[in-house]
Amino acid sequence: MPLRGRLAPTPTGYLHVGHARTFAMAAARAAGAGLVLRIEDLDRDRCRPDYTDAAIEDLRWLGFSWTEGPDLGGPHGPYRQSERTGWYLEIWRRLAAERLIYPSPHSRRDVEEAATAPHATPHDDEPVFPATLRPAAWDLPREPGGVAWRFRVPDGRTIEFHDAVAGTVRRTAGVDFGDFVVWRRDDAAAYELAVVADDHAMEIAEVVRGEDLLTSTARQILLYESLGWRPPAWCHVPLVRDSQGRRLAKRAGSLAVRELRRRGLSPADVLSAGEHPPGKPDPVRKPEAQVSLQANRCPVRKPEAQVSLQANRSPV
Ligand code: GLU
């Protein structure tokens, strides 16, 4: 059964073949159930309006269509996170009033220095925030006030969830991830808070995104619980990697959708770039595009959704 979904690009660069593949999966799984385009432009320093325009143009060129978004409007707008601060503040107030989050002036460097656990867990590149840096007491201000705020995780609790691709996933609070930032010191909602607030408000029934966010899903489930909301279903798509096994960055240059388009590839070529069968010519024909993926079919339930995604499963 298709489930209402969303495409949630962050406009800090041009979309690449990895985004195209994740979005193809999201669009396929939501076919007929509604698809929201939401622009995740919270990072004022790195997001640019021209990247938003480029993302919309690239998505349209790839053949995706959505039912609500910044260009179409809809009942759940605004569809740019930069315009949703009032809603995020409401959530911040609720969590702060229940003392589930606390002000945390510590920089990433402080965290790395204080961490006794390894800096990065096998699942995530975020150092685990050490419990020693939690404040003993703090006052409840009216506004977040130029300091970062963290969600206090229940140490030792294992969060288990079902993922349409990875199956049963488990992450333990305090081991795989620690207290995480929900509000940034530059006075914007952090990703984890904004995405939960929006997926709930926009009535998203299934979140389809890259597998690099599996640990974030455990964090987000804690937020759903704290807010008394029901979490959506989850589908984390394996990442496209380059020939050295590195994940593609926004600066993926020759693997950017618009660069491939400029080189004359069709939308179908771009969508299949990185999943060409061994021995067959790579439609991209550039060494850095040899993303050599092993077959591992993600479940796409509808026949029209057979976007033939094969993928290399990186360890989760
Ligand atoms: N905006 C995020 C990205 O572009 C995706 C976040 C999500 O899907 O939850 O990587």
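Indexing begins at 1, ligand by ligand and atom by atom, following the structure's order.
Taking the six-membered ring where the residue is Trp, Phe180 and Phe177 present tilted rings, their angle falling between 30° and 60°. Ring planes of Tyr102 and Phe129: tilted class, angle from 30 to 60°.
The Val195 neighbourhood of ligand 1 comprises atoms 9 (O), with distances under 4.0 Å to a heavy atom of that residue. Listed by number with element, the atoms of ligand 1 under 4.0 Å from a non-hydrogen atom of Glu40 are 1 (N), 2 (C), 5 (C), 6 (C). Below 4.0 Å from some heavy atom of Tyr191 lie the following atoms of ligand 1, by number and element: 6 (C), 7 (C), 9 (O). In the vicinity of Arg6, heavy-atom distances shorter than 4.0 Å reach the ligand 1 atoms 7 (C), 8 (O), 9 (O). Taking a cut-off of under 4.0 Å to the non-hydrogen atoms of Ala8, the atoms of ligand 1 that pass are 1 (N), 2 (C), 3 (C), 4 (O), 5 (C).
The shortest distance between side-chain heavy atoms of Val36 and His76 does not fall below 4.5 Å.
In the model, Thr215 has a side-chain atom that pairs as donor or acceptor with a side-chain atom of Arg171 under 3.5 Å. Side-chain contact annotation: Tyr88 with Asp198, donor-acceptor N/O pair under 3.5 Å present.
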